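Numbered from 1 within each chain, the chains take letters A, B, ... in sequence-line order. Note that this is a predicted model, so its numbers are computed, not measured.
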Amino acid sequence: MTIRQALLDWYDANQRDLPWRHTRDPYAIWVSEVMLQQTRVETVIPYWERFLARFPTPAALAAATEDEVLGLWSGLGYYRRARLLHRGVREVVARYGGEVPEDRDARLALPGVGKYTAGAIGSIAFDRAEPIVDGNVARVLSRVHRIETPLGVAQTEQRLWEEAAALAEGPRPGALNQALMELGATVCTPRAPRCEACPVRSACAGRDVAERLPVPRKKAAPKEVSVAAVVVRSGGRVWLARGQSALYGGLWSVPMCEHAPAQASLLERHEGLPADEAARSALAEVGIVARLGAVAGELEHVLTHRRMRVRVYRASHARAEAHESLRSVDPSELEEGEIGVSKLTRRILAIGVS
DNA sequence: GAACCGTGGCA
DNA sequence: TTGCCAAGGTT
């Protein structure tokens with residue numbers, strides 16, 4: 001029995017019942033693959049179901065506004081994924097009549113579609129022999145072939161894609177690719193792998209050292225950032241501005257501005273603004289005139305590359321004019337998933353509105 | 001290549 | 001508490 005056949009047999013008997021495994025619609029699979037980027041299966045499932053119910057076809061998604069798309073994506077994170085998916089699907093509608101292209105290069109040229117996503121759509125939806133290497137596949141193949149060079153370096157990546165390509169060749173490439181990922185997710189796990197339950201253990205060169213493979217790449221330490229946020233209330237409503245930065249771009253947020261951390265302002269003199277000046281600056285930036293009030297509280301929000309300390313101010317007596325990037329909302333509207341806001345904004349509002 | 005982009009679960 | 005890291009892509 002070949003490794004390939006052992007993986008297919010194991011997958012047929014052990015795969016989880018996931019909602020996107022009930023369709024071969026390349027658009028639906030595309031959506032699932034984008035949502036699953038760096039995100040756990042259990043988190044994605046309800047988002048995927050809501051998204052497909054609201055936008056069942058490429059044409060439906062293409063006709064939606066970015067605000068609607070981000071509203072359904074709200075809370076899922078990595079919001080640029082949603083904007084790129086939206087653009088990509090619009091391109092499919094405009095250039096390919098709404099049919100996801102079977103040609104791999106055409107798929108790769110779509111915004112937000114890299115080697116992994118292109119291969120996932122190609123193999124799963126079109127049953128083409130295209131390889132994929134995600135975190136699961138990298139771990140499985142690193143162990144099976146006992147690859148000791150670190151992830152992320154060119155030599156390692158090239159080897160992984162070569163091995164994945166060799167496996168993809170043959171019958172049922174979509175099932176084979178999903179078998180590799182499923183094995184990585186449920187058996188060949190990062191810690192405490194269940195080698196005794198592995199269908200390819202007899203062929204695994206790394207089974208005795210599995211837990212120290214793959215060798216991880218070096219990671220940058222999270223950057224500490226201090227932020228002032230202002231909850232501006234008027235008449236039971238709260239003012240939100242549309243973010244334009246890379247972080248939370250396109251989402252609605254309370255006015256925010258980075259300020260100098262407490263220690264740094266002492267050590268490095270006047271590097272950056274004091275918190276209350278940052279809060280006033282945040283209001284001015286979005287065109288809100290208001291009276292800055294007291295600090296309502298503080299919170300810490302941790303991202304992969306940042307550790308944000310947020311000081312939440314209140315402000316009152318607001319004078320502002322709504323436009324495309326400034327609006328007031330009733331806090332109850334935020335519970336319906338209709339407005340694109342981050343978890344951070346929700347946490348800030350929980351402190352500032354009460 | 002390295003840095004950047006969110007959130008949540010787990011040991 | 002802290003660090004790891006999960007079906008990656010872009011710049």
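- A:I121 comes within 4.0 angstrom of nothing in the nucleic acid, heavy atoms only.
- Remark: A:D67 pairs with A:R242, A:W252 by the side chain to side chain donor-acceptor pair (under 3.5 Å) rule, at least two apart or across chains.
- A distance-only check finds a donor-acceptor pair linking the side chain of A:H86 to the backbone of A:A64 [under 3.5 Å].
- Electrostatic pairing of A:E211 and A:R191 does not count as a salt bridge here, judged by no charged N lying under 4.0 Å from a carboxylate O.
- A straight line from OH of A:Y116 to C1' of C:dT10 spans 18 Å, rounded to a whole angstrom.
- Residues A:W20 and A:R307 both approach DNA chain C. Their nearest nucleotides, taken by heavy-atom distance, put A:R307 toward the 5′ side.
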**Study point:** Under 4.0 Å protein heavy-atom contact, by nucleotide of nucleotides 5-11 of chain B - B base, S sugar-phosphate only
**Key:** BBBB---
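- Atoms CD (A:Q155) and P (B:dG1) sit 10 Å apart, rounded to a whole Å.
- The nearest pair of heavy atoms linking A:P131 to A:W161 is O-CZ3, 3.4 Å.
- For the pair A:D134 CG and C:dC5 P, the interatomic distance rounds to 14 Å; values are reported in whole Å.
- Contacts of A:R107 with the nucleic acid, taken as non-hydrogen atoms under 4.0 Å apart, are absent.
- In this structure, A:W73 and A:F51 have perpendicular ring planes: the angle between them is above 60°, well past the 30° mark.
- The existence of a salt bridge linking A:R309 and A:E224 is excluded, since no basic side-chain nitrogen approaches an acidic carboxylate oxygen closer than 4.0 Å.
- Taking side-chain N and O atoms only, A:K223 has a distance below 4.0 Å to OP1 or OP2 of B:dC4.
- Residue A:W30 is out of contact with every strand shown, counting any heavy-atom pair closer than 4.0 Å.
- Distance check on atom P: B:dG8 versus C:dG9 gives 23 Å, rounded to whole Å.
- Here A:A192 lies out of heavy-atom contact (under 4.0 Å) with every strand.
- Rounding to whole angstrom units, CG of residue A:L151 and C1' of C:dG8 are separated by 13 Å.
- Summarising the geometry, the separation between CG on A:N177 and P on C:dG8 is reported as 13 Å, rounded to the nearest angstrom.
- What separates CD of A:E224 from P of C:dT2 is a distance of 10 Å, to the nearest Å.
- Between C:dG3 and A:K219, no contact under 4.0 Å exists linking OP1 or OP2 to a side-chain N or O.
- Within 4.0 Å (heavy atoms only), A:R21 reaches at least one base atom of the nucleic acid.
- Taking the P atom of each, C:dC4 and B:dA3 are spaced 15 Å apart, rounded to whole Å.
- Using a cutoff of 4.0 Å between basic side-chain nitrogens and carboxylate oxygens, A:E130 and A:K115 are not scored as salt-bridged.
- The residue A:R83 sits apart from the nucleic acid: no heavy atom pair falls under 4.0 Å.
- Atom CD in A:E157 sits roughly 12 Å away from atom P in C:dG9 (whole-Å rounding).
- Residues in residues 170-183 of chain A take part in these side chain to side chain donor-acceptor pair (under 3.5 Å) pairs, two or more places apart or across chains: A:Y11-A:Q178, A:D12-A:R172, A:R16-A:E182, A:R21-A:Q178, A:R21-A:E182, A:S123-A:N177.
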